[in-house]
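Here the structure comes first, spelled out in structure tokens, and everything after it is commentary.
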There are 2 protein chains.
Amino acid sequence: MKTKLSKIKPLENLSLVDKVELRLKEYFKENNLKIGDSLPKELEFAEALGVSRTVIREALLRLRTIGVIQSKKRSGMILTQPDIIQNFEKAIEYNLLGEEALVDIFELRLILEVGMADLLFARKTEEDINALDKIVSKIEKEENGNVVFSLKHEITFHSKLYQMSNNLTLQRFQDLLLPVFNYVHDDMPESAKNFQYSKGKFVSHRDLLNILKDGNAEDFREAMRNHLEPHFERVLSLIKA
Amino acid sequence: MKTKLSKIKPLENLSLVDKVELRLKEYFKENNLKIGDSLPKELEFAEALGVSRTVIREALLRLRTIGVIQSKKRSGMILTQPDIIQNFEKAIEYNLLGEEALVDIFELRLILEVGMADLLFARKTEEDINALDKIVSKIEKEENGNVVFSLKHEITFHSKLYQMSNNLTLQRFQDLLLPVFNYVHDDMPESAKNFQYSKGKFVSHRDLLNILKDGNAEDFREAMRNHLEPHFERVLSLIKA
DNA sequence: TTTTGTATTATGTCACACATATAAAAGTAC
DNA sequence: GTACTTTTATATGTGTGACATAATACAAAA
């Protein structure tokens, strides 16, 4: 009889570099290393771990790639604060994200805009409002009475909002979302571009600005939700696997 | 007089590996390579670019680190879909994020929870509601009448919400936010843990569930906002640089 | 036809050499 | 002593060639 092999589990198949990387992470924790601390040199690591310089270099290069360490000739290496957004960015640059991931990210953007109302109201300044006012006036002038969906205008207006949030991570996140936004927009059917708002629901940039001036976070959330209606309509109608 | 050199721009100070990496990116775009496509072998790249295998390997390793390519012995390399969240995760694992970044990320989480109401209402299922009901009942039982802030309970409940969003990126994002959440929570002063809600404002998990059952997105947003009141209070009171 | 062995091949690891940038030391002028 | 320049030492960056290893294709055996 032929016995089944369902129970036996594969022995872990880590490359030498993988192991070294894990070991390095341990090392950092054990020694409680902080940002700015300098590291032993490559050769010392190699010797201490009993591997070639090639291997330790590859492991360190991984860390350098995700921004955990920086290296300079002669000075050696130091621990640095990783830039999480930059990592994000790098992955996106290669245009290899699948449809689902792009939709997910697009949804994320909608969520952020609706959700960030409290931050805006807590941190808005007089100058912010004035700057936003100028932006809205310019948009209105260019639209010239026609309410058309203009990607350029959208971006200008909403970028300013993100900036007002005073949350750098959020801000940079939005910068990097723009290409995705672009992609989803280009892919948009004509029907969506000429979206008909439900009666009385249309919220213009001017409306949003006015709420930001005199209203409260709650009203702003609902207004933004309606402002983004066409986009919500679009993603919420998708059947997800 | 010593002339200022503010305008002159530094000649590009890119390492050979940097240049090769850029060249590779170009190559991918020019040839319109897609996920799953296989790449020439290291030696061919090295020869074509006129660099050593060491250099091309380091450039490729960077791509491997951010998840743009995968390599296997003998089979060579193929393009893969980068996992943006994983990149994020790796950077966080090293506990090197500064205070500001952590606060930014914590704020992000608050924004997401308030903003994701529409997704929840569009995608909730009968099973989701039942599962959530069980979770709430369990929490209530353990709380035994006392409304204490329990990180464990918070996580269980809110994780389920993220799961209901049916947005995998969002879900994984939250998984990875937990350590940050933990950190910020541990750092919380006792006063915040015993936060007194404004009169009539307290929203329990049960309240949220009920709205999710019979209410609408708008109500849910406001309820969630109040549910998270102590956290909002905390971050919005911070003076940011 | 299915299994098992074998050759091939692209990546993984190694050792060693040399290039290059630069921090630190030594030297120089004032 | 101070300010500046030159030299030197050194850690990372790059190059070369070799061998190890695992995955694949293919042949041989059952």
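Below, chains carry the letters A, B, ... as their sequence lines are ordered, and counting in each starts from 1.
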Using the heavy-atom set of chain A and a strict 4.0 Å cut-off, write down the first and last nucleotide of DNA chain D that makes it in, 5' to 3'.
D/dA9 to D/dT14
Spacing between B/Lys72 atom NZ and C/dT9 atom P, to the nearest angstrom:
19 Å
Taking B/Glu93 first and then B/Lys90, would you say they form a salt bridge - that is, a charged N and a carboxylate O separated by under 4.0 Å?
no
Closest listed nucleotide, where the reference is the side chain of A/Lys73 and the choices are C/dT13, C/dT20, C/dA23:
C/dT20
Just to be sure I understand the rule, does A/Thr54 reach a base, reach only the sugar-phosphate, or reach nothing, if contact means heavy atoms closer than 4.0 Å?
base
Any luck finding a side-chain donor-acceptor pair between A/Ser165 and A/Arg123 under 3.5 Å?
no
A/Thr156 side chain to A/Lys152 backbone, donor-acceptor under 3.5 Å:
yes
Rounded to whole Å, please give me the gap between CE in A/Met77 and P in C/dT22.
16 Å
With respect to the phosphate group of C/dA10, does any side-chain polar atom (N or O) of B/Arg57 fall under 4.0 Å of OP1 or OP2?
no
When you check the gap from the basic side-chain N to the acidic O, do B/Lys138 and B/Glu142 get nearer than 4.0 Å?
yes
Base C/dG12 to side chain B/Arg53, donor-acceptor N/O within 3.5 Å cut-off
yes
Specify the residue among A/Ser75 and A/Glu58 whose closest nucleotide of DNA chain C lies further upstream toward the 5′ end.
A/Glu58
Nucleotide C/dT8, atom P - distance to NZ of B/Lys41 in whole Å:
14 Å
Whole angstrom value for the distance that separates P of C/dT20 from CG of B/Leu16:
11 Å
Scan side-chain atoms only and decide if A/His158 and A/Glu113 contain a donor-acceptor pair under the 3.5 Å cut-off.
yes
Donor-acceptor pair, A/Asp128 side chain versus A/Met164 backbone, under 3.5 Å?
no
Roughly, in whole Å, what's the span from CD1 in A/Ile56 to P in C/dG12?
17 Å
Write down the distance between CD1 (A/Ile78) and C1' (C/dA23), rounded to a whole number of angstrom.
14 Å
